[in-house]
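Only one structure is covered here, and it is reproduced in the block below.
Atoms within each ligand, like the ligands themselves, are counted from 1 in listed order. Note that these values count all heavy atoms, side chains included, but never hydrogens, waters or copies made by symmetry.
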Amino acid sequence: MDIPRIFTITESAHRIHNPFTPANLATLGAALRLEPGARILDLGSGSGEMLCTWALKYGITGVGIDMSTLFTDQAKLRAEELGVADRVRFIHGDAAGYVAEEKVDVAACLGATWIGGGVAGTVELLEKSLRPGGIILIGEPYWLKVPPTEDVARGCEANAISDFLLLPELLASFGNLNYDVVEMVLADREGWDRYEAAKWLTMRRWLDANPNDDFANEVRATLTLGPTRYAAYTREYVGWGVFALMAR
Ligand code: SAH
């Protein structure tokens, strides 16, 4: 069981697999006013940067589940590197349907809401692991401005304009699920550039090291088009943020 190989090639050097910078992640942790010992569940935990750095900075404990073998291994190494391996646990597996044994204070899914079949389904899934009065974190893209055509939406790596909402609509959608939005931290262009541009050097080095790999043509095409495509589409049209929710 694993995720498509293109991601583990392009994002092998990323610690954070979304447009958040380390500073954004720290801001979010501080904004949540986490108590030492707070329990966090993270579905699609990637390379574990959120749980590991929050364990170090804020004394939380946590469990992360991720379908990528590479990212899960990286998360375990990061926990050891930061000296928090006794506080965070990373499980390789499919997070769809995953419910924590013991209820958590914070249940998160950052940049992987397909796990629950979309935002509404993921909120419903996370709710099953959450203690009463706990906080749900959803990391999700939104349109900075609506793309003029479906082609532009596809240039932004969406399937359709209808995939994302404008920020006010996304915030209202949480209200429609009967949740208060109690905090949010939004990525900025600097964070987007770190997320996207870091893939280019990773891809270039991978191509230099693996010229005869079956995947080389696909990676070559992605690198050749990547910078201009990103500047023309995602950088102009797509926002990303993490939204903290509490049931009304
Ligand atoms: N939350 C992390 C990773 C976001 S990228 C971060 O912000 O850094 C999306 C992640 O979801 C990837 O790590 C991918 O391996 C994982 N993923 C995709 N499908 C999954 C599934 N069904 N179950 C668990 N993890 C999944």
Exercise for review: Go through the side-chain N and O atoms of Thr69 and Asp2 and say whether any donor and acceptor fall under 3.5 Å apart.
Suggested key: yes
Exercise for review: Any chance you could lay out the ring-ring contact (aromatic ring centres under 6.0 Å, His included) test for Trp206 and Phe215, step after step, and finish with the verdict?
Suggested key: CA-CA 10 Å; Trp206 185 90; Phe215 234 64; 7.0 Å; no
Check your understanding: Say you draw a straight line from CG of Asp105 to CD1 of Ile60; how long is it, rounded to the nearest 0.5 Å?
Key -> 10.0 Å
Exercise for review: Going by the side-chain contact (heavy atoms from CB on, under 4.5 Å) test, name the single residue among Leu186, Leu166, Val238 that passes it with Tyr142.
Suggested key: Leu186
Point to revise | side-chain hydrogen bond (donor to acceptor under 3.5 Å, both in side chains) between Ser47 and His17, intermediate numbers included | key: CA-CA 8 Å; Ser47 299; His17 303 271; 2.7 Å; yes
Practice item. Below 4.0 Å from any atom of ligand 1, which residues have a heavy atom? Give them in chain and number order, please. Key: Ile3, Ile16, His17, Asn18, Gly44, Ser45, Gly46, Asp66, Met67, Ser68, Phe71, Gly93, Asp94, Ala95, Leu110, Gly111, Ala112, Trp114, Ile115
Review point. Are any of the side-chain heavy atoms of Cys156 and Trp143 separated by less than 4.5 Å?
Key: yes
